[in-house]
Amino acid sequence: PLPARRMQGAGKALHELLVSAQRRGCLTAGVYESAKLMNVDPDNVAFCVLATDEEDEGDIALQIHFTLIQAFCCENDIDIVRVNDVGKLAAIVGPSEESGEPRDLHCILITNPNEDGWKDSALEKLNLFCEESRNVNDWVPTITLPE
């Protein structure tokens, strides 16, 4: 596995990316919403986050969704990470703006904004982190979000 400070850097970068993507309206939350988007517009997906809490470990349906999403991301060269704390994600992403309902945060996609030449340094850091992880055969690295 990669050294701890790389992990911390990745956690910070993920936090930044989620905040900026949400601000720009480039964040899609939910397993079904994500699957739908991947079917319709795979080229627009820039990054994928899968999240579970301990009680999700026994959720077979969710694990099947994850397997399919991971396969899709691999086929389409979309970087993908796992987060083991849905609560922390909820604190960053929060409820849906439209309905105020809590969102399904088991899968979050970051899509490319329509602005040309938009470069997100946090996304670049995460792409690099994923690349380094793949070099040590960790295809879906787990990131810990900062406290």
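- To the nearest 0.5 angstrom, C73 atom SG is 7.0 Å from L109 atom CG.
- Between atom CD1 of residue I143 and atom CZ of residue R6 there is a gap of 10.5 Å, rounded to the nearest 0.5 Å.
- No single ILVMFWY cluster, assembled from side-chain heavy atoms under 4.5 Å apart, contains both F72 and L27.
- Distance check: K125 NZ to E16 CD gives 5.0 Å after rounding to the nearest 0.5 Å.
- Judged purely by atom type and a 3.5 angstrom limit, D53 has no side-chain atom pairing as donor or acceptor with the backbone of E55.
- Connection of I110 to I69 is not established within any shared hydrophobic cluster, with ILVMFWY side chains joined at heavy-atom distances below 4.5 Å, either directly or through further cluster members.
- Contact annotation: the side chain of D79 approaches that of R134 to within less than 4.5 Å [non-hydrogen atoms, C-beta and beyond].
- Interatomic distance, L62 CG to D104 CG, rounded to the nearest 0.5 Å: 7.5 Å.
- For the atom pair CG (L14) and CG (L123), the distance works out to 10.5 Å, reported to the nearest 0.5 Å.
- The minimum heavy-atom distance between C48 and C107, with the atom names listed, is SG-SG, 4.1 Å.
- Crowding of K88 atom NZ: a count of heavy atoms from other residues, nucleotides or ligands under 6.0 Å exceeding 12.
- Counting heavy-atom neighbours within 6.0 Å of H65 NE2, excluding the residue itself, gives a total above 12.
- At least one side-chain heavy atom of L145 sits under 4.5 Å from a side-chain heavy atom of I92.
- Closest approach of P42 to N39, counting heavy atoms only: CD-O, 4.0 Å.
- Contact detail for Q63 and E57: the closest heavy-atom pair is NE2-O, 3.8 Å.
- At least one side-chain heavy atom of F66 sits less than 4.5 Å from a side-chain heavy atom of H106.
- Proximity of a side-chain donor or acceptor of N76 to a complementary backbone N or O of I78 within less than 3.5 Å is not detected.
- A distance of 10.0 Å separates CG of L126 from OG of S133, quoted to the nearest 0.5 Å.
- The hydrophobic cluster containing L37 also contains I80, counting ILVMFWY residues as joined when their side-chain heavy atoms lie under 4.5 angstrom apart, directly or transitively.
- Cluster annotation: V81 is connected to V86 through the hydrophobic network of ILVMFWY side chains, with a link wherever side-chain heavy atoms come within less than 4.5 Å.
- Listed by first and then second residue, the salt bridge (charged side-chain N to carboxylate O under 4.0 Å, His left out) pairs involving residues 29-45 amount to none (not counting sequence neighbours).
- Annotation: side-chain hydrogen bond (donor to acceptor under 3.5 Å, both in side chains) contacts of E75 (sequence neighbours excluded): none.
- The minimum heavy-atom distance linking R103 with A29 is given by the pair CD-CB, 4.1 Å.
- Transitive grouping of hydrophobic side chains (ILVMFWY, heavy atoms separated by less than 4.5 Å) brings F47 and V93 into a common cluster.
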